[in-house]
K.L.:
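Got a structure for you, questions after.
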Amino acid sequence: MSEGFRNAGHLPKQAGRNQADPDELPRQRRGTTPQMHGRYPDFDVLSFSDHWDEQTRTLIVKRVASPPPLRFFDAAETETLSAFCDTVMHQTREPRIPVLAFIDEKLYTGRLDGFRYADMPNDPDTWRLLARALDEEAQTRGGDAFGRISEELRLEIVGALAEGELEGAAWTAIPRANEVAMRSILAGFYSHPWAWNEIGFPGPAYPRGYMRLGIDQREPWMPEEAFVVDPVADVKERGLE
Amino acid sequence: MRSRRNGLWRNVRRGRMQRTLSAATAAAAVPLGIEIYFEHYRGSFGDKWMWTPIVLTPPLALAGLAGIYSERAAKRWLPAVSMLYALDGLIGVVTHIRGVRRKPGGFKEPLYNIVMGPPLLAPGSLVMVGSIGLLAAVVERERL
């Protein structure tokens, strides 16, 4: 609950058990962030869309206005993998970034990353195998599909997956499933303007570019962090050091 | 020494400043030309016009120096080169505006492109230095 956001401790992979609650962050006033909390409550990156060229603007606005339809995954896989994406990204309520939609599009259109692990199936197969393995694991631990077991059990499973602790034939077939999945999940999540609002990223720097290139300088249009906890003092205060 | 300084002061008060202004032109042109060289070097001399202020600077400095010693130079060569220098400054304002316009986003991103593009009104300094040279030609020469 009170782990703070300055260090990486609140990230699902790091935490697993003791997740920081985004309600500790200011409520988003302009724009949208996942779960409507963030460090930049008055920042809406989409208000910069006039500063992007036509192609960029179309592409980015589309990510928000009309996310791609799910065509690669079937209904059961969608339920399982949506739950997986939301668990690892700690999206516990709306608004959520539809991460799986972007992954589905990539797999459906076959526009993959152009590389893969030698000891792994290709990415589309990996995702299907991952869905099956997650469901099997969930059946064993919670008696239901991954999308229907408790949040706590899901966290336990993704934690074990990240640590490489899961065993069984389903998992040995995809030894690096976590790396492959997280690569696409992070790419999907952080290519979405709502994630940019959350982290204060001002979007593409073209044609307007950066001009204040020195250390500790902020571009005039860049948002200022509204939630500043000095981690050094904070960690000491809570006796975590 | 004292009388000499009084002499300079009297000349200035009477507007007899030809040698002083010639020297000022030469003294201002040299650092300006060097500065322009560095800035245009940074801009990779993308336009051949960027060489013109650099080419014109040595003649102006020489004409200014000559104007200190020769009234003929101050009245003939100095104004001729000064005029070219000033005109080049006016052309420079136009080319710099064009340079900002040609940057990605042009004047639709005015703040960024004016800050990062060619300094819009900087070529005006050539007009200023050229004007000092022109002025030198028309004022009276100092009496010593």
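Small disclaimer: the values here were computed from a predicted structure and weren't measured. All values below were derived from every heavy atom in this structure, side-chain atoms included, with hydrogens, water molecules and symmetry-related copies excluded.
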K.L.:
Specify the closest pair of heavy atoms between B:V115 and A:M211, including all atoms of both residues, with the distance to one decimal.
P.N.:
CG1-SD, 3.4 Å
K.L.:
Distance from B:M116 atom CE to A:L213 atom CG, nearest 0.5 Å?
P.N.:
5.5 Å
K.L.:
Does A:Q55 have more than 12 heavy atoms from other residues, nucleotides or ligands lying within 6.0 Å of its CD?
P.N.:
no
K.L.:
Counting only heavy atoms not in B:F107, do more than 12 fall under 6.0 Å of its CZ?
P.N.:
yes
K.L.:
I'd like to know whether OH of A:Y108 has more than 12 heavy-atom contacts from other residues, nucleotides or ligands below 6.0 angstrom.
P.N.:
no
K.L.:
Considering heavy atoms only, which positions within residues 64-74 of chain A lie below 4.5 Å of chain B?
P.N.:
none
K.L.:
Let me know if A:Y210 has heavy atoms under 4.5 Å from chain B in its side chain, its backbone, both or neither.
P.N.:
backbone
K.L.:
Give a yes or no on whether B:M83 atom CE has more than 12 heavy-atom contacts from other residues, nucleotides or ligands under 6.0 Å away.
P.N.:
no
K.L.:
Around atom CZ of B:F45, are there more than 12 heavy atoms from other residues, nucleotides or ligands closer than 6.0 Å?
P.N.:
yes
K.L.:
May I ask you to check whether over 12 heavy atoms, not counting those of B:R76, lie within 6.0 Å of atom CZ?
P.N.:
no
K.L.:
What heavy-atom pair brings A:Y206 and B:P104 nearest, and what distance separates the two atoms?
P.N.:
OH-CB, 3.5 Å
K.L.:
Please check if atom CZ in A:R218 has more than 12 non-hydrogen atoms from other residues, nucleotides or ligands closer than 6.0 Å.
P.N.:
yes
K.L.:
Where along residues 191-202 of chain A does a heavy atom come under 4.5 Å of chain B, listed by residue number?
P.N.:
none
